[in-house]
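Please read these numbers as outputs of a predicted model, since none were measured by experiment. By convention in this document, chain letters (A, B, ...) are assigned in the order of the sequence lines, proteins followed by strands, and residues within each chain are numbered from 1.
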There are 2 protein chains.
Amino acid sequence: MTDDENLESTEAEARAVESRAEAFIGVREARRSEVAEDYVELIAELIHENGEARPVDIAARMGVTAPTVAKTLGRLARDGLITRAKYRSVFLTEEGRALAKECRHRHEIVLRFLLSLGLDPETAERDAEGIEHHVSERTLALFAAFAQRS
Amino acid sequence: MTDDENLESTEAEARAVESRAEAFIGVREARRSEVAEDYVELIAELIHENGEARPVDIAARMGVTAPTVAKTLGRLARDGLITRAKYRSVFLTEEGRALAKECRHRHEIVLRFLLSLGLDPETAERDAEGIEHHVSERTLALFAAFAQRS
DNA sequence: GATGATTATTAGCCTATGCTAACTTTTTGC
DNA sequence: GCAAAAAGTTAGCATAGGCTAATAATCATC
């Protein structure tokens, strides 16, 4: 060991710092796609239930105003997740549908897991909404296995 | 039941829509404080470990640049969570310390819970970082109880 | 104690995500 | 088929949270 073992001079410290940074960077990345995922998931659901996804219904369910929805839909369209025509409903692209399916899958697993822990449905739904964007594949597998055997 | 039971015209539907919106609003609220919580938690840790929290160390651990840290610290100071003097280290206010403690507590419980599920430490740390901001008190209690009896 | 390296700040830019106000288009109901 | 209501859009504003480039202050070393 070298003579400078004061504030984080060791290799191990440096590695710890870097791995921590990577964790935060990962979380920030997840955060960036959260809104898109929430919208796409909701759009898929509305199409399934009502045959179409109207901005006004999206706004009501997301708890935001219509202009906010319009702007977000613009980003989703730019990113190739939806298609839309002016003053018309929204449709998912192939890519959007795939993302929606994946999100729904994650959401379901997290929700079932929380319920199987004994959480009340209301709280489970709320927490699942926030948690689903932050569970790794590995964690998701554990959640699924746990809910299964309960 | 009234004659219009087509697209969400029932009371039950309306309640479901509203409760969904509330869930999303809650998630957005949680998102707004995530960064502040991460910083405060990290600052507390740095002070504990190194005796002081320097912007350069915060930046390294958060995986962001120094100007980003400066701007965020400005917000934390504005919000009464930290105090600082120009070109000096950062200190937590009473309020900041309380928040840090609460965050650390939540983080610990989520982390221990994930570990007790059998997750590897690396992934557990990453996921805990993202999940900790989105667990209700109720869920946290269940997590704690589960980790306890494992 | 001067000077080079490190650290911190400032200025200025960008994107995402929210809002309100004002306007346009579509839908609905007589 | 027209007028009012509902839905959608646009413009413009704000905040958070990133960045780079440039500047300023502090620290460490000789």
Side-chain angles (χ1 to χ4, degrees), chain A residues 3-4 6-9 17 21 24-40 42-43 46 50-79 81-91 130 133, chain B residues 3-4 6-9 17 21 24-40 42-43 46 50 52-79 81-91 133:
Chain A
D3 52 358
D4 51 355
N6 32 353
L7 301 186
E8 85 201 40
S9 33
V17 168
F24 278 120
I25 288 167
V27 172
R28 281 201 300 277
E29 243 158 58
R31 271 173 209 162
R32 269 208 323 258
S33 26
E34 279 182 57
V35 172
E37 291 182 0
D38 286 340
Y39 271 71
V40 161
L42 177 55
I43 289 165
L46 284 170
N50 301 348
E52 63 174 350
R54 298 185 310 162
V56 69
D57 295 325
I58 298 172
R61 283 167 181 75
M62 293 289 304
V64 298
T65 61
T68 295
V69 170
K71 207 180 276 192
T72 304
L73 293 180
R75 279 192 298 272
L76 297 184
R78 181 202 61 192
D79 297 345
L81 295 170
I82 65 169
T83 58
R84 60 196 198 128
K86 253 193 170 187
Y87 296 100
R88 284 284 113 87
S89 309
V90 176
F91 297 96
H133 307 285
Chain B
D3 52 358
D4 54 355
N6 33 351
L7 300 186
E8 83 203 42
S9 33
V17 167
F24 278 121
I25 288 166
V27 172
R28 281 201 300 278
E29 242 158 59
R31 269 174 209 161
R32 263 188 305 141
S33 26
E34 279 183 56
V35 171
E37 291 182 0
D38 286 340
Y39 271 71
V40 161
L42 177 55
I43 289 165
L46 284 169
N50 302 347
E52 63 174 350
R54 298 185 310 161
V56 69
D57 294 326
I58 298 172
R61 282 166 182 75
M62 293 290 304
V64 299
T65 61
T68 296
V69 170
K71 207 181 277 191
T72 305
L73 293 181
R75 280 193 295 272
L76 297 185
R78 181 202 61 193
D79 297 345
L81 295 169
I82 64 168
T83 57
R84 60 196 196 126
K86 257 192 166 188
Y87 294 100
R88 285 282 112 87
S89 307
V90 177
F91 297 96
H133 307 286

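At its two ends the helix from C:dG1-D:dC30 to C:dC30-D:dG1 runs along axes set 10° apart, each axis drawn from five pairs and the angle rounded to 10°.
Every pair passing salt bridge (charged side-chain N to carboxylate O under 4.0 Å, His left out) that includes a residue from residues 31-40 of chain A is listed here, sequence neighbours excluded: A:Arg31-B:Glu34, A:Arg31-B:Asp38, A:Glu34-B:Arg31, A:Glu37-A:Arg106, A:Asp38-B:Arg31.
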Contact pattern, 5' to 3', of nucleotides 8-16 of chain D - B, S or - by protein heavy atom under 4.0 Å: SBB-BB--S
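With sequence neighbours left out, the side-chain contact (heavy atoms from CB on, under 4.5 Å) criterion links A:Pro67 to A:Thr65. Partners of B:Ala36 under the side-chain contact (heavy atoms from CB on, under 4.5 Å) rule, at least two apart in sequence or in another chain, are B:Leu76, B:Leu81. The side-chain contact (heavy atoms from CB on, under 4.5 Å) test applied to B:Ala59 returns B:Val69, not counting sequence neighbours. Shown here are the side-chain contact (heavy atoms from CB on, under 4.5 Å) partners of A:Ala77, two or more places apart in sequence or in another chain: A:Ile82, A:Arg84.
You'll find the side chain of A:Met62 stays beyond 4.5 Å of the side chain of A:Thr72, heavy atoms only. The shortest side-chain heavy-atom distance between A:Leu46 and A:Val90 does not fall under the 4.5 Å cut-off.
Residues B:Ala60 and A:Ala21 come closest through the heavy atom pair O-CB, 3.3 Å. When every heavy atom of B:Tyr39 is checked against every heavy atom of B:Val64, the shortest pair comes out as OH-CG2, 3.8 Å. When all heavy atoms of B:Ala53 and B:Ser89 are compared, the pair lying nearest together is O-CB, 3.4 Å.
Close approach of DNA chain C to chain A, defined as any atom under 4.0 Å from a non-hydrogen atom of the protein, starts and stops at C:dA16 to C:dT27.
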